[in-house]
Every structure is written in structure tokens, then in C-alpha cells.
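Scroll down for the structure; my scribbles are underneath it.
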Amino acid sequence: MASSSSLWSAARCSLLLIAALTLVLSHGAHVYGGSGTGLSYSFYDNSCPSARDIVRRVIQVARIIDARIPASLIRLHFHDCFVNGCDGSLLLDDDVSSGIMSEKKAPGNYQSARGFNVVDNIKRALEIACPDIVSCADILTLGAEISVELAGGPAWSVPLGRRDGTKTNIESANDLPSPFDSLDILQKKFRNMGLNDIDLVALQGAHTFGRAQCQFTQRNCTAGQEEGTLVNLDAATPNVFDNKYYGNLLQGRAELPSDQVMTSDPVAAATTVPIVRRFSGNQKDFFANFAASMIKMGNISPLTGRDGEIRKNCRRVNKKSY
């Protein structure tokens, strides 16, 4: 019985990932809006076939210098897609001449979002190899997938072809999911993006590696640390992408309050706890669902076709030629 159940579970995980990839490929950019020709797994095959390898090489070098970079790059992609869709708007700096107010100053990003210099390095390398081809929005999407894979997590095919936005959205940036949100607030914010409870639990699983400033943790620097002191989100394997995060949740040892609510909130028993238990007991199940949810999130309102632009510098919109 146990053996048969195990085989069924593994087969189910494989079928889930294949089905998710097929669904995204078929419906791509049209699921949450966007226009033009949509996203494609082969978008850069002819115009910049080395794009993924270039992104990977830059991240490999960066993570040798700073082990936090993979987790930081996933967070940039998440915070970008939840505001204006996946259009690279988070990367824009203040620019009075273009009327740009940066999303980097929003509470969820200020002095915590990081890795922008790595994105700049990736963009410079891509502009040398394939000028004016690869968008900053696609750099964030590729960077997130590669970061997970390099840290020991799943690899998946990334639909590409996003273009870069030319404006920011401070109101939405001010309403990003917070480390102190209750479960019902988190569920509402995810539903607003077309994401369900499985997506919520799977994507929160990105907290299986990386660090957070202690003022955002449940203990809130009460161990005597100064504000800004970094705390490992997973004490056992802080630089590895695995499913140990979910075991921490079940044992009440999550660092972030917004993680622990997925098991402690009164409504969690009927909604998120069964998913947490599943992922805790089956890493393949977690990996398959994480990949599917990342693809789904990466399809939130992309700009495609002739919408937006391909920025030359991820921190600035292109100058108009008159």
C-alpha cells in the first residue's frame, strides 16, 4: 500500500508540472491581460540564443561573492510582478525628467530589496551580446528561475517575451504582501493577482533560503540584536532551496509572522495547513507546485508585442527620439 501510494504521488507531481507548463504555453500572456503576440518558450532562440547562459554566468559569479543573491533575485521578481505586472517597473530609479517615482522607496522594498547591481551586470553583458533584445522584465524572470536551480531547487522552462514598462505604481507598491499580514489579507492579495492558496503556500516557500532583517521576524530583535541584523529564514540550510521551510512552519519555528500564519491562523486548518503538510512530506510535490506557481506569477499582466519598450538601462526609461 505504501509503495503504491508513493508511486502515485510521484506520478501526480510529474503530471501536475507537465499540465501547468502546457497550460501556460497555450494561454501564456493572455491569462491576466497583456497584449500582442504573448509569451513564448523560444522567444530568444534566434535573436539571443545565449541569453540564459549569460544570465546564469553573471549570477554564478555574484553568488560566490554574496550567498544571499539568489534569494534576493527571487524577491525582486515577486515584488515586480505584484505591482503593474511583470514589467520591470521595480528596477526604475527616481527620474524627475521622466516623471518616475521609484517603487524602491515603498515600505516593502525600502532598504530591503537588493540585487539591483546584479541585474545591472546582467543587462550590461546582454547588451554586449545582443543589443536592444532582452528586456529587464525577462532578466528578472530568468534570474529567479536560475537562482532557484543554482541553490538546489527545481529548474523549469521560462516563457519569455516580456517588455519593459515606462511607469511605476506607487499605490500598488505600498500594498505589497507584508511580513506582518494576516492569512486572510495574504489570501486576498494573492487572489487579486489570480493566485490561489496552493500558489500562496508554494511561493511563500521561497523563504526556504535567504535572510531577513530581525525587525521583520516574530522575535523582532528581542534577542538583543540591532535593527537590521540579518536572521537566516531557515537555520538548518539557509543557502539551499529545499522543503525544510514547511517543517519549520509545522513546528512553529518560522521566522516571519506572515509565514507562521499559514499554520497558526484560525482559518489555516481548512485552507493552508493541508498544503503545508503535503509540501513538508514531499519535496518533489513542493518543487513541482513551486515551478508551476512561478510560471503563473510570471504571467501576471506582461507587456508584449509593441507595448512598453526594451530598456537599454534597467534603471531608466529610454530617451525618446523626436
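As the structure is a prediction and not an experimental result, all values here were calculated from the model.
Two residues are said to be in side-chain contact when any heavy atoms from C-beta on lie closer than 4.5 Å; Thr229 and Cys221 fail this criterion. Side-chain contact between Leu160 and Leu39 is absent, with no heavy atoms from C-beta onward closer than 4.5 Å. At a threshold of 4.5 Å between non-hydrogen side-chain atoms, the residues Leu195 and Ser293 do not count as touching. Residues Thr272 and Thr263 have side chains not in contact (no heavy-atom distance under 4.5 Å, counting atoms from C-beta outward). Put simply, the side chain of Ile133 does not reach to within 4.5 Å of the side chain of Glu127, judged on heavy atoms. Counting heavy atoms from C-beta on, the side chains of Gln204 and Leu249 never come closer than 4.5 Å. In this structure, the side chains of Leu90 and Val83 stay at 4.5 Å or more apart for every pair of heavy atoms. In this structure, the side chains of Arg278 and Ile198 come closer than 4.5 Å at one or more pairs of heavy atoms.
In this structure, Cys136 SG and Asn313 CG are separated by 7.5 Å, a value rounded to the nearest 0.5 Å. Note that CD of Glu145 is 8.5 Å distant from CG of Leu150, once rounded to the nearest 0.5 Å. The distance from the CG atom of Asn282 to the NZ atom of Lys284 is 8.0 Å, given to the nearest 0.5 Å. For the atom pair OG1 of Thr141 and CD1 of Ile146, the computed distance is 10.5 Å after rounding to the nearest 0.5 Å. Note that the CG atom of Leu203 and the CG atom of Leu200 stand 8.0 Å from one another [nearest 0.5 Å]. To the nearest 0.5 Å, atoms OG (Ser112) and CZ (Arg75) are separated by 4.0 Å.
Listed by first then second residue, pairs satisfying ring pair (Phe, Tyr, Trp, His ring centres under 6.0 Å) with a partner in residues 80-122 read Phe78-Phe82, Phe82-Phe190, not counting sequence neighbours. Screening residues 257-285 for ring pair (Phe, Tyr, Trp, His ring centres under 6.0 Å) gives Tyr246-Phe279, Phe279-Phe286 as the qualifying pairs, with residues at least two apart or on separate chains. Applying the salt bridge (Lys or Arg N to Asp or Glu O under 4.0 Å) test to pairs two or more places apart or on separate chains, those with a residue in residues 191-217 are Asp199-Lys296. A ring pair (Phe, Tyr, Trp, His ring centres under 6.0 Å) check over residues 199-234, counting only residues at least two apart or in different chains, returns the pairs Phe209-Phe241.
No side-chain donor-acceptor contact under 3.5 Å links Ser280 to the backbone of Val276. Asp80 contributes a side-chain N or O that, together with a main-chain N or O of Gly88, makes up a donor-acceptor pair within less than 3.5 Å.
In the displayed structure, Arg219 atom CZ is contacted under 6.0 Å by at most 12 heavy atoms of other residues, nucleotides or ligands. In Glu171, the CD atom is not crowded: 12 or fewer heavy atoms of neighbouring residues, nucleotides or ligands sit closer than 6.0 Å. No more than 12 heavy atoms of other residues, nucleotides or ligands lie within 6.0 Å of NZ in Lys312, so this atom counts as exposed by the packing criterion.
With sequence neighbours left out, the side-chain hydrogen bond (donor to acceptor under 3.5 Å, both in side chains) criterion links Asn196 to no other residue. For Ser72, the side-chain hydrogen bond (donor to acceptor under 3.5 Å, both in side chains) test picks out Arg114, with sequence neighbours left out.
The pair Lys244-Asp234 fails the salt-bridge criterion, with no side-chain N (NZ, NE, NH1 or NH2) lying under 4.0 Å from an Asp/Glu carboxylate O. Remark: Lys104 does not engage Asp94 in a salt bridge, criterion side-chain N to carboxylate O under 4.0 Å. Using a 4.0 Å cut-off between charged nitrogen and carboxylate oxygen, Asp87 and Arg162 do not count as a salt-bridge pair. Here Glu149 pairs with Arg52 in a salt bridge; the nearest charged N to carboxylate O distance falls below 4.0 Å.
Each of Asp95, Asp164, Asp120 was checked for a salt bridge (charged side-chain N to carboxylate O under 4.0 Å, His left out) with Arg315, and the lone residue meeting it is Asp120. Evaluated for a salt bridge (charged side-chain N to carboxylate O under 4.0 Å, His left out) with Asp93, the options Arg311, Arg316, Lys105 yield exactly one hit, Arg316.
A side-chain donor from one of Glu103 and Ser89 sits under 3.5 Å from a side-chain acceptor of the other. Using a 3.5 Å distance cut-off with no hydrogens or angles, the side chains of Asn121 and Arg124 do pair a donor with an acceptor. Remark: the Ser172 side chain and the Asp175 side chain contain no N/O donor-acceptor pair separated by less than 3.5 Å. A donor-acceptor contact closer than 3.5 angstrom links the side chains of Thr208 and Asp242.
Tyr245 and Val231 fall into different hydrophobic clusters, where Ile, Leu, Val, Met, Phe, Trp and Tyr side chains are chained together by heavy-atom contacts under 4.5 Å. Under a hydrophobic clustering in which Ile, Leu, Val, Met, Phe, Trp and Tyr are joined whenever their side-chain heavy atoms come within less than 4.5 Å, directly or via other members, Leu230 and Leu73 fall into different clusters. In terms of hydrophobic clustering, with Ile, Leu, Val, Met, Phe, Trp and Tyr side chains grouped at heavy-atom distances under 4.5 Å, Leu250 and Phe290 are assigned to a common cluster. The same ILVMFWY cluster, assembled from side-chain heavy atoms under 4.5 Å apart, contains both Trp156 and Leu140.
Across all non-hydrogen atoms, the minimal contact from Ala268 to Pro274 is O-CD, 4.0 Å. Minimum heavy-atom separation, Gln215 to Phe180: O-CZ, 3.4 Å.
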